[in-house]
Each structure stands twice: as C-alpha cells, then as structure tokens.
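First the structure, in the form of structure tokens, and then the observations on it.
Atoms considered below: every heavy atom in the structure, side chains included; atoms not considered: hydrogens, waters and symmetry mates.
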There are 2 protein chains.
Amino acid sequence: MIISTKGKNALKLMLDLSLYQVEEYVKLGDIARREEISEKYLEQIVSYLQKSGKVKSARGAHGGYRLVKNPEEYTVGEIIKCLEGDMAPTDCVNRDDSPCKKRDQCFCYPLWNKLDKAMNEVLNHTTLQDLIDWKEEKEEDYE
Amino acid sequence: MIISTKGKNALKLMLDLSLYQVEEYVKLGDIARREEISEKYLEQIVSYLQKSGKVKSARGAHGGYRLVKNPEEYTVGEIIKCLEGDMAPTDCVNRDDSPCKKRDQCFCYPLWNKLDKAMNEVLNHTTLQDLIDWKEEKEEDYE
DNA sequence: CCCCTTTCCTACAAAAATAGTATGATTTAA
DNA sequence: TTAAATCATACTATTTTTGTAGGAAAGGGG
C-alpha cells in the first residue's frame with residue numbers, strides 16, 4: 001500500500017466537499033460522519049489542504065470548509081501529494097536542483113524515472129470531477 | 001519514496017549477478033563490496049530471492065549465488081515485489097478473491113485501479129536486460 | 001579429519017513513519 | 001453570553017524500515 005490513510009482521507013474529504021457543498025460551508029463533523037473518519041484526524045488533514053490554498057474556511061458557528069475552485073480544476077495528484085509528499089519511486093527522482101551524483105552511472109535511474117512518469121500520467125490527469133463522472137457512468141451500466 | 005532499500009538492493013543484487021556471473025558462483029561479499037551494501041543485509045535480501053526460486057546457491061568454499069534464468073527473463077516487477085509485497089496503491093486493489101464490499105460504491109477505487117495498472121505496465125514489461133541495454137545506449141550517446 | 005570459507009537461520013534492536021488522541025485556545029453567529 | 005465550529009500543538013501507541021549479531025550448517029582443500 002503506497003497511499004497512506006492521510007492521502008486517502010484527503011481525497012475523500014475533497015470529494016465530499018465536491019458533492020455536498022452547495023452554497024454554504026460544510027462542517028468537518030458532517031464529513032467525518034459521512035466518510036467514517038475521526039473528526040480530529042480530519043482536522044489535521046484539512047489544515048494541510050487549507051495551508052496550500054485548496055480549501056477555504058469559515059470559523060465560528062455555521063462555519064466549515066469550501067473548495068476554492070471547481071472539482072474539475074483539482075487533480076488527484078495535487079491533493080494526494082499535499083499530504084504524502086512528492087510520491088517519487090525513490091529519492092533520486094525529481095531532484096533537478098541537486099541530482100544524485102551517480103545518476104549517469106546508475107542502471108536503475110531510468111527505471112525510476114519511467115515509473116514516476118507513469119504514475120504522474122494518471123495522478124496529474126485525473127480530476128475530482130473525473131472520479132465523480134466515472135462513478136455515474138458505472139451506475140448507468142446497471143440501468 | 002515508495003520503493004524501500006530492500007527493493008532497491010534486491011534489484012542491484014540481481015543486476016550485479018547479471019553483469020558478473022560468467023561460469024562460477026558469485027560471492028555475496030563481492031556483491032556487497034561492489035554495490036556498497038552491508039553483506040549481512042544482503043544475506044537477508046537474497047534469501048527472499050532464493051526462496052522464490054530467482055537465484056540458486058552453492059554453500060561452502062567457492063560457493064555463492066547465480067541467476068536461474070537469463071537477465072531478459074526477469075522483470076523488475078517480480079524482483080521488487082518479491083521484497084516489497086504487491087506494491088498496490090491501496091489494499092483494496094488486487095483482491096479478486098475477497099474484494100472490498102464498498103468497492104462498487106467507491107469513488108476512488110477506479111483511480112487506484114488505474115494507478116496500479118500504470119505502474120505494472122512499467123514494472124512487468126521491463127527486464128534486467130532492458131536496464132543494462134538502456135545504460136549502454138546512453139553511453140553510446142557520449143561517443 | 002580438520003580448518004577455512006561461504007551460505008543459512010533466527011533473534012534482536014534502533015530509528016523513522018504512520019495513525020491517530022488529547023487538550024485547549026480562538027473565532028463567530030445567534 | 002453561549003454554543004458551535006475552526007485552529008494549534010503536543011503527545012503516544014503501533015507498525016515498518018533498516019539494519020546488526022551470533023552462530024549453525026555445508027563444502028572444498030590440505
């Protein structure tokens with residue numbers, strides 16, 4: 001399992017906001033109940049999303065969280081990486097600033113690079129809206 | 001970093017065998033020195049590879065390890081997964097025997113499935129020989 | 001038969017990452 | 001003023017990772 005609960009819960013949280021925000025802010029307690037995640041744990045997770053500007057909040061009574069953009073404008077990659085770090089196969093990938101000194105002699109580096117690209121091809125080209133659409137398409141199949 | 005040192009070292013070990021085995025068995029001590037890995041740690045790693053039949057051993061003086069097949073017959077996926085487990089994005093993927101009960105209601109499952117397929121597309125279609133060939137091609141570029 | 005080399009086996013342990021809990025301060029609407 | 005909510009930080013238990021340690025077993029050469 002390469003995606004931890006933090007990443008998975010962040011994605012669930014963003015999906016929940018996509019589905020349940022209409023006009024008003026959504027309380028964390030409601031998300032916690034619907035998604036069956038500890039509210040205290042969600043507080044920790046949402047703070048990362050907030051600090052990177054992916055959600056905005058309102059404090060006090062009737063407060064909660066909202067998406068800043070539309071669901072089709074968030075990639076699942078940016079959400080998961082916000083919690084998981086850069087998700088590179090190894091620490092020698094994605095280091096254009098300070099590349100590994102043995103990189104050019106390394107038999108494995110091209111592999112890690114390909115793997116990284118393959119993962120990002122999925123993560124950076126799938127949006128929250130895609131996840132919602134895929135589910136709807138599947139439900140149509142049953143009708 | 002989703003590939004641990006165990007997986008990386010297993011791959012280095014198999015690559016080292018590919019490059020240095022001619023007729024005789026290769027000692028772990030030599031591999032440890034060339035690849036700069038603790039010999040004791042390598043012992044642990046090679047035992048997994050041996051138990052799954054990827055290498056064969058000879059004990060005693062002049063003993064060591066050899067590949068069972070040719071380098072082009074090993075995928076990097078089977079080597080890494082031998083040490084890392086199945087490398088699925090989440091534990092709900094690759095459970096055809098006992099699938100998650102919420103799978104059909106899950107917004108995320110299709111994503112994890114796509115990610116898994118994308119990773120395996122690379123891991124299961126790259127062989128040890130490919131890694132060696134890629135390096136040689138790169139070296140030709142400098143000539 | 002004895003010694004040296006090498007694999008084989010298993011237990012232990014330090015360090016880091018993961019998955020949360022706990023406590024309470026702060027802000028806001030009613 | 002009070003209740004509802006976010007915000008901040010510290011703590012902790014568990015698991016995973018990354019090895020180390022010690023010795024048993026096997027085989028080759030003298």
### Query
For D:dA8, does either OP1 or OP2 sit under 4.0 Å from a side-chain N or O belonging to A:Ser47?
no
Closest of C:dA19, C:dT23, C:dT7 to the A:Lys40 side chain is C:dT23
Whole-Å distance, A:Asp30 CG to D:dA4 C1', equals 12 Å
The complete set of salt bridge (charged side-chain N to carboxylate O under 4.0 Å, His left out) pairs with one or both residues in residues 60-69 of chain A, sequence neighbours excluded, reads none
OP1 or OP2 of C:dT6 less than 4.0 angstrom from a side-chain nitrogen or oxygen of B:Ser57, does that happen here?
no
Rounded to whole Å, CD1 of B:Ile45 lies from C1' of C:dT7 at a distance of 16 Å
(message) Check this one for me: any side-chain N or O of A:Tyr48 less than 4.0 Å away from OP1 or OP2 of D:dA8?
(response) no
Practice item. Would you indicate what B:Gly64 reaches in the nucleic acid, counting non-hydrogen atoms under 4.0 angstrom: base, sugar-phosphate, or nothing? Key: sugar-phosphate
query: Taking atom types as they are modelled, is there a donor-acceptor pair under 3.5 Å from the base of D:dA5 to the side chain of A:Arg59?
result: no
Against the side chain of A:Gln44, the closest entry in D:dG29, D:dA10, C:dT7 is D:dA10
Open item on the list: When you measure from the side-chain N and O atoms of A:Tyr65 to the phosphate of D:dC7, is any distance below 4.0 Å, counting only OP1 and OP2?
Closed with: yes
On DNA chain C, more 5' by nearest nucleotide between A:Asn9 and A:Glu43 is A:Asn9
Looking only at C:dT7, D:dA8, C:dT28, the nucleotide nearest the A:Ala61 side chain is C:dT28
Separation of C:dT7 atom P from B:His62 atom NE2, nearest Å, is 12 Å
Separation of C:dT7 atom C1' from B:Tyr25 atom OH, nearest Å, is 12 Å
To the nearest angstrom, the CD1-C1' distance between B:Ile2 and C:dT18 comes to 17 Å
Looking only at D:dG29, D:dT6, C:dT7, the nucleotide nearest the A:Glu39 side chain is D:dT6
### Query
Should the pair B:Glu139-B:Lys135 be classified as a salt bridge under the 4.0 Å nitrogen-to-oxygen rule?
yes
Between OH of A:Tyr41 and C1' of D:dC7 the distance, given in whole Å, is 18 Å
Considering only heavy side-chain atoms of A:Lys27, the closest of D:dG22, D:dG19, D:dT6 is D:dT6
Between D:dT16 and B:Lys6, counting only base atoms on the nucleotide and side-chain atoms on the residue, is there a donor-acceptor pair under 3.5 Å? no
Any luck finding a side-chain donor-acceptor pair between A:Ser18 and A:Tyr74 under 3.5 Å? no
Practice problem: May I ask you to say whether B:Lys40 pairs ionically with B:Glu43, meaning some side-chain N is under 4.0 Å from a carboxylate O? | Solution: yes
Below 4.0 Å: OP1/OP2 of C:dT7 and any side-chain N or O of B:Gln50 | no
note: B:Leu13, atom CG; D:dG19, atom C1'; distance rounded to Å ~ 16 Å
Separation of D:dG19 atom P from B:Leu83 atom CG, nearest Å, is 13 Å
- request: Go through the steps for B:Trp112 and B:Cys92 under the test side chain to side chain contact (heavy atoms under 4.5 Å, CB included), then give the verdict.
  value: CA-CA 8 Å; B:Trp112 307 138; B:Cys92 46; 3.8 Å; yes
Would you please confirm or rule out a distance under 4.0 Å between OP1 or OP2 of D:dG19 and any side-chain N or O of B:Ser38? no
*asked:* Under a 4.0 Å threshold between the charged nitrogen and the carboxylate oxygen, would A:Glu36 count as salt-bridged to A:Lys12?
replied: no
